[in-house]
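As C-alpha cells, the structure follows; a few thoughts come after it.
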Amino acid sequence: MTGSNQQGNLQDHSDLSHGVSLGFDTRAIHHAFDPAAFSRAVQPPVFLTSTYGFESVAANDAAASHGGRLYAREYNPTTEILEQRLANLEGAEAGLVVTTGMAAFGTLILSLLSQGDELVVHNTLYSNTVAMVEQGLPRFGIKVVPVDLSEPSNLDAAITDKTKLVYFETPVNPLSTILDIAAIAERAHGLNVKVAVDSTFASPALQRPIEHGADIVLHSLTKYINGHGDTLGGALLGDAETLHMLRETGLRYITGATLSPHSAFLILRGLKTLSLRMERHSASALAIARMLEAHPAVAWVSYPFLESRSIARKQMTQGSGMLAFGLHSGFEGARTMLDRLQLVTRAVSLGDTDSLIYHPASILRARQSIRKDAHLIEGVGEDLVRLSVGLEDVSDLIADLRQALQVL
Ligand code: PLP
C-alpha cells in the first residue's frame, strides 16, 4: 500500500527516471503512486473507509507510534498520494490537504499561533482571509499587523519579538499585483520569523515559493490545481516537522477538516493537466489584458506579465489566468458590462476551465444588507472587475468582452 511505504514509492519513482530527475509534468502524473501496489490500476483507487482494522493490539501500538494511521480524519491512502505529489511539485518535504483553502489558513494559523502572538500580513488579501484576520483572530487574542509588503523593509517596524509568521499572497487577490517572495523571506528570516505564501493564483506550475525562500506554501485546491470547478480543497506544504505538527494539531483536533478521498481523487485527476492548462490560461489572459489595455472604455488593467515587470518575471514562469481592470464608467459601467456578457460567466471563484468574472463592489453592496460591517478590501476600488480567464477559445472570449464593452 502506498500509504504504508513512502520509501517504496520514492524507489519506484527513481526507477521510472533511470536515475535522471523527472520533469514537472511526469511527476504531476506519476509521483507517489505505485500501480503494482494497487492491482496495477492506472488511476489511484478511492478508499472510502472511515477507519482501519489492525491485526493485533501490538500492531495497533506500532501503527499509533507511526503517526496514527488508525482513523481517516488524519490518514487515507488516496489523500496521501495527493499530499506527497503536491509536496514534490512545490519542492517541499511534506504536505497536508484539507477541505478548503480557508480550512488550510485556519489550520495553519490556529496551530502555529497562540494568544499573545502576532501575525504580520500584507494589507490586501482574499476577502475571507481578511475576515479571519480582522474578526476571527483577535477573538483568540492573536494580534494581526497589516503592512504594505510591496516595500519589504516595512517588515522591520512591523515585526516584534511576538511575531510568529509573515503571511501574504502573490499574485494578490483580487489585484493581480506581485510581491517579491525572496526579498520578503530574506527580511523576515533576518528577524527570525517564518514566511507563508498563498500561491493559489499561480499554482506550482508557474511559481514555487519555497525555491525563493518561503517556508510554507498554502493553496486553495479549489482553483487551478483541481481546475475544473467541481470540488473544494486546500493544501499546506513545507518542512516535515511543521507539517507533522499541522496534521497532529490543526487537522486532528482543531479543525477536523479532512478532505474527502473522492475530492482527493478529483484533484489528482486535475493535477495531471495542470501545466498544460496554466500555459493556455496564461496565453489567453495576456492576449485579453492587451486587448483591454488598448480599449477606449478601459481605464486601467493589472496583469503580472503585461509589461516587463521584473518581480513577476523573476519568480513566475508565466502570468497565470487572473487579471483585474477598471472602466472609465466606474461602478455602474462594471455592472452594465457584466450583465451584457454572454459567454463569460458571472460568478465568484477562479481557476476553472470556464471563464468567470466578478465585480467585488456589487457583491459587497449585496452583502452589506446582511452584514453592516462588510467593506471593500484595501486597494480595491468600486470600479475593479476581476476576470479568471478560462480555457475557451481566446477569440470567443475577446469577442464577448468587446461586445459587452461596446456601449460604455
Ligand atoms: N486564497 C485565495 C488567494 C483565494 O482566492 C481563495 C478563494 O477564493 C482562498 C484562499 C480560499 O479558498 P477556498 O475557497 O478553497 O476556501
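One-based numbering, in listed order, for ligands and for the atoms of each. From a predicted model like this one, the values you see are computed outputs, not experimental measurements. Keep in mind that the numbers below use all heavy atoms, side chains included, and drop hydrogens, waters and symmetry copies.
Rounding to the nearest 0.5 Å gives a distance of 11.0 Å between CD1 of Ile357 and CG of Leu343.
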Within the protein, flag every N or O under 3.5 Å from an N or O of ligand 1, and note the pair and distance.
residue  : atom   : partner : partner atom : Å
ligand 1 : 1 (N)  : Asp198  : OD2          : 2.6
ligand 1 : 5 (O)  : Asn173  : ND2          : 2.8
ligand 1 : 8 (O)  : Lys223  : NZ           : 3.2
ligand 1 : 12 (O) : Ser220  : OG           : 3.1
ligand 1 : 15 (O) : Gly101  : N            : 2.8
ligand 1 : 15 (O) : Ser220  : OG           : 2.8
ligand 1 : 15 (O) : Thr222  : OG1          : 2.6
ligand 1 : 16 (O) : Gly101  : N            : 3.1
ligand 1 : 16 (O) : Met102  : N            : 2.9

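Taking a cutoff of 4.0 Å between a charged side-chain nitrogen and a carboxylate oxygen, Arg340 and Asp400 do not qualify as a salt bridge. Looking at Lys164 and Asp117, a side-chain N of the basic residue comes within less than 4.0 Å of a carboxylate O on the acidic one, giving a salt bridge.
Glu186 is linked by a salt bridge (charged side-chain N to carboxylate O under 4.0 Å, His left out) to nothing, counting only residues two or more places apart in sequence or in another chain. The ring-ring contact (aromatic ring centres under 6.0 Å, His included) check on Phe168 picks up nothing, with sequence neighbours excluded.
The ring-ring contact (aromatic ring centres under 6.0 Å, His included) pairs that include a residue from residues 129-152 number zero, where partners must be two or more places apart or lie in different chains.
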